Chemist: 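Quick one: the structure is below, and I'll ask about it shortly.
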There are 2 protein chains.
Amino acid sequence: MTKTKLTLKDVALQLGVSTATISNAFNRPDQLSKARREHILAECDRIGYTGPNKAAQILRKGRSNIVALVLADSIPYTVSDPVASTFIKGVSSILQQQGKHLLLYAGDSESILDVVDFVDGFICYGAPRNYKLAEELARQSKPAITVDFDIEGLPSVNIDNYNAAYQIAKKAISPGDQVAILGLRLIESPSTCRIYDSPLIEVQTSISHRRLDGYMKAIDESEATISNDWVWHIPESERSFAKQAAKEVLNSNPRPNTVLCMSDIIALELLQSALSMGIKVPEELKITGFDGIEEADRTRPNLTTVCQSSALKGEMAAQALLSESLKSTVLPFDLKMGETVSA
Amino acid sequence: MTKTKLTLKDVALQLGVSTATISNAFNRPDQLSKARREHILAECDRIGYTGPNKAAQILRKGRSNIVALVLADSIPYTVSDPVASTFIKGVSSILQQQGKHLLLYAGDSESILDVVDFVDGFICYGAPRNYKLAEELARQSKPAITVDFDIEGLPSVNIDNYNAAYQIAKKAISPGDQVAILGLRLIESPSTCRIYDSPLIEVQTSISHRRLDGYMKAIDESEATISNDWVWHIPESERSFAKQAAKEVLNSNPRPNTVLCMSDIIALELLQSALSMGIKVPEELKITGFDGIEEADRTRPNLTTVCQSSALKGEMAAQALLSESLKSTVLPFDLKMGETVSA
DNA sequence: ATGAAAGCGCTAACAC
DNA sequence: GTGTTAGCGCTTTCAT
């Protein structure tokens with residue numbers, strides 16, 4: 001006996017009713033009497049029919065209950081990033097609660113076209129490394145929402161990066177300070193480097209540039225100084241990249257006494273490097289981070305940083321997508337005054 | 001003008017060729033002349049047809065290029081666990097390379113039936129919290145592979161947990177030691193507690209019980225002692241749960257001088273608690289972990305632990321699934337002698 | 001309340 | 001090489 005899978009038609013035949021009735025028994029309880037429905041369901045259970053084939057339903061209904069989460073980077077990179085995985089956490093909690101499935105889509109993939117036909121919508125977390133994806137996203141017609149960046153015509157979830165950076169910098173900087181900035185993805189380079197006068201990328205949409213502007217305003221207002229070779233580009237919020245930048249900053253002569261970092265990972269790496277070189281934090285070196293990851297509060301000294309709730313971002317994005325509300329949201333942030341900046 | 005999506009049929013009509021030819025142009029280059037194919041593709045591009053609808057392809061071909069990763073726990077929990085996210089990393093690197101999509105499926109979901117019809121296969125990472133999923137997995141007919149546990153009839157990827165536990169314990173324990181064990185998911189309880197004589201779960205398949213057996217053998221052989229109320233159950237490898245167990249262990253009177261932990265997260269939490277209580281490690285307290293996460297090597301003292309490559313596990317599992325080889329694999333592990341055990 | 005039938009968009013066997 | 005056609009498994013009008 002070959003075990004070929006039962007179809008709705010088979011079952012209808014066996015039970016001597018029409019396919020529509022079986023279909024209704026599973027999908028539209030109101031379309032048939034309770035007794036009939038229960039009888040049919042019981043029979044299906046008995047003969048081993050587990051319900052309508054989902055692949056066929058996707059085609060027929062045009063709905064799959066699959067939501068694609070388009071990431072900025074590759075999946076391997078993203079899941080090991082604490083900020084991103086917290087975001088995923090938020091998204092998935094809402095999706096699960098609504099019976100939706102989560103498809104992870106890497107931001108360095110070829111084209112969104114290979115999933116667009118069978119997903120119900122997109123959440124796009126950060127500017128995808130392959131920027132073509134963003135354009136495709138703008139052009140296609142399924143519901144979509146962006147987070148931490150914008151696509152013309154789509155709703156988004158964001159924080160006010162300019163202000164957050166400005167405020168944390170104001171807290172950290174005193175008149176006369178010598179400031180350096182460890183920036184995230186400011187230019188196209190795949191390696192850590194100073195930016196000098198390199199062409200900047202996506203200046204208008206990138207959150208990094210908004211943060212940079214906020215920092216600069218604060219430096220300017222505080223009568224501190226920053227030289228044009230004291231802004232670093234770090235391609236990914238990843239420890240090895242950050243470590244190199246940390247080394248370069250700390251070996252500068254003269255050395256900055258305040259370093260503004262665009263992620264906590266970067267800041268923590270800098271902190272660790274500084275401590276192991278015997279540099280006193282915050283007496284000789286003040287450090288600020290960005291994100292508010294848990295680990296940043298476990299270090300001694302703990303980090304002064306901007307706390308944003310990535311989980312909440314994820315929840316908001318998922319909720320907005322599922323309700324198809326087209327409103328953009330700006331989420332609040334908190335300043336966390338830690339020990340890496342003197343009180 | 002309403003913008004209704006183009007279908008293969010529309011295009012065939014417009015270009016004056018048959019649907020089969022268009023289909024072949026996209027799927028089977030060898031079935032038509034190069035010139036014709038290129039002409040068709042160019043025309044499609046011009047009129048805005050981006051290729052055959054994937055939902056229809058899934059139904060027709062019975063293949064979606066989607067692989068479901070069935071997790072032991074909820075998605076939120078899993079992505080924040082460093083071991084699991086490293087595993088995901090491994091899986092996704094292979095999938096991406098092979099043009100497959102990744103669907104995350106929570107281990108506490110209702111039933112695999114709502115995806116089985118449209119995914120190409122399953123990777124099951126750890127015994128799903130809702131154990132019914134494992135049974136469904138055994139019964140369905142798509143390719144599937146398990147990791148860190150077994151389902152009758154399915155290939156698996158594992159390490160030798162018994163031996164790993166035995167060996168690390170042997171390294172840690174000296175004659176006369178008083179040993180305690182911080183175990184992971186040993187009983188059904190959702191909260192941290194001592195197990196005394198509680199009924200154990202899935203004793204035969206659970207990796208935790210294999211580890212427990214390994215520890216016990218080593219304790220026995222080393223002429224050390226463990227009392228029956230010195231084995232803790234921790235429901236998840238999560239800091240808050242671990243913290244509580246750590247507190248209970250360290251406040252025991254008398255206090256063990258050796259604690260074997262079933263995950264690095266647990267061990268790190270214990271280490272931190274011990275240090276903050278002024279207990280000297282390893283002089284007064286020896287600690288071993290399990291997994292070999294990165295953070296375990298960044299602490300002072302760094303952790304003595306069992307290193308298993310979760311990324312490799314993920315790669316192996318994905319590769320095995322895609323090649324449909326039915327062989328099970330036992331991966332090697334390394335003992336890492338850190339400073340939490342005296343040399 | 002239930003059944004008949006069209007067709008979602010495509011692929012693959014087969015005929016030409 | 002190219003076209004015709006059956007049908008993947010289902011849902012949903014529409015008639016009854």
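None of the values given here were measured: they were computed from a predicted structure. Below, read A as the first sequence line, B as the second, and so on, with proteins coming before strands; counting in each chain starts at 1.
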Chemist: Does a side-chain N or O of A/Q57 approach OP1 or OP2 of D/dG9 to a distance below 4.0 Å, or not?
Modeler: no

Chemist: Let me know the distance between NZ of B/K5 and P of C/dG9, rounded to the nearest Å.
Modeler: 10 Å

Chemist: How many whole angstroms separate atom CG of B/N53 from atom C1' of C/dG7?
Modeler: 14 Å

Chemist: Among the nucleotides C/dC10, D/dT11, D/dT2, which one has an atom lying closest to any side-chain atom of B/P52?
Modeler: C/dC10

Chemist: Would you mind telling me which of C/dT11, D/dT12, D/dT2 lies closest to the side-chain atoms of A/R60?
Modeler: D/dT12

Chemist: Give the rounded distance in Å between these two atoms: CG of A/N24 and P of D/dT13.
Modeler: 11 Å

Chemist: Among the nucleotides C/dC10, D/dC10, C/dG3, which one has an atom lying closest to any side-chain atom of A/T21?
Modeler: C/dG3

Chemist: Could you check A/A20 against A/D30 and say which one's nearest nucleotide on DNA chain C is further toward the 5' end?
Modeler: A/D30

Chemist: Let me know the distance between NZ of A/K9 and P of C/dG3, rounded to the nearest Å.
Modeler: 16 Å

Chemist: Whole angstroms only, please: what is the CZ-C1' distance between A/R36 and C/dG3?
Modeler: 10 Å

Chemist: Could you check how far CZ of B/R37 sits from P of D/dT2, rounded to whole Å?
Modeler: 13 Å

Chemist: For D/dC10, take OP1 and OP2 only and decide whether either is under 4.0 Å from a side-chain N or O of A/R28.
Modeler: no

Chemist: Which whole-number value in Å describes the distance from B/I40 CD1 to D/dG3 C1'?
Modeler: 12 Å

Chemist: Does C/dC10 have OP1 or OP2 under 4.0 Å away from a side-chain N or O of B/Y49?
Modeler: yes

Chemist: Just the rounded figure in Å: distance from P of C/dG9 to CZ of B/F26.
Modeler: 16 Å

Chemist: Using a heavy-atom cut-off of under 4.0 Å over every strand shown, decide if B/L8 touches base, sugar-phosphate, or nothing.
Modeler: base

Chemist: Apply side chain to side chain donor-acceptor pair (under 3.5 Å) to the pair A/Y105 and A/D114, showing each step before the final yes or no.
Modeler: CA-CA 10 Å; A/Y105 196 84; A/D114 48 34; 3.1 Å; yes

Chemist: So what does A/L59 hit on the nucleic acid, given a heavy-atom distance under 4.0 Å: a base, only sugar-phosphate, or nothing?
Modeler: base

Chemist: Where do B/V79 and B/S85 come nearest, in terms of heavy atoms and distance?
Modeler: O-CB, 3.8 Å

Chemist: Please compare B/K61 and B/S33 by the position of their nearest nucleotide in DNA chain D and report the one closer to 5'.
Modeler: B/S33

Chemist: Can you tell which of C/dG9, D/dT11, C/dG3 lies closest to the side chain of A/T19?
Modeler: D/dT11

Chemist: Check whether any side-chain nitrogen or oxygen of B/Q31 sits under 4.0 Å from OP1 or OP2 of D/dT2, and answer yes or no.
Modeler: no

Chemist: Please tell me if B/S18 has a side-chain N or O lying less than 4.0 Å from either OP1 or OP2 of D/dG3.
Modeler: yes

Chemist: Is it true that the side chains of B/Q96 and A/S74 contain a donor and an acceptor less than 3.5 Å apart?
Modeler: no

Chemist: Hey, does A/N27 reach any base, or is it just sugar-phosphate, or nothing, if we go heavy atoms under 4.0 Å?
Modeler: sugar-phosphate

Chemist: Using only heavy-atom distances, determine whether the side chains of A/D10 and A/T7 contain a donor-acceptor pair under 3.5 Å.
Modeler: yes

Chemist: Hey, are the side chains of B/L95 and B/H101 touching, using non-hydrogen atoms and a 4.5 Å cut-off?
Modeler: no

Chemist: Do NZ/NE/NH1/NH2 and the carboxylate oxygens of B/R139 and B/E136 come within less than 4.0 Å?
Modeler: no

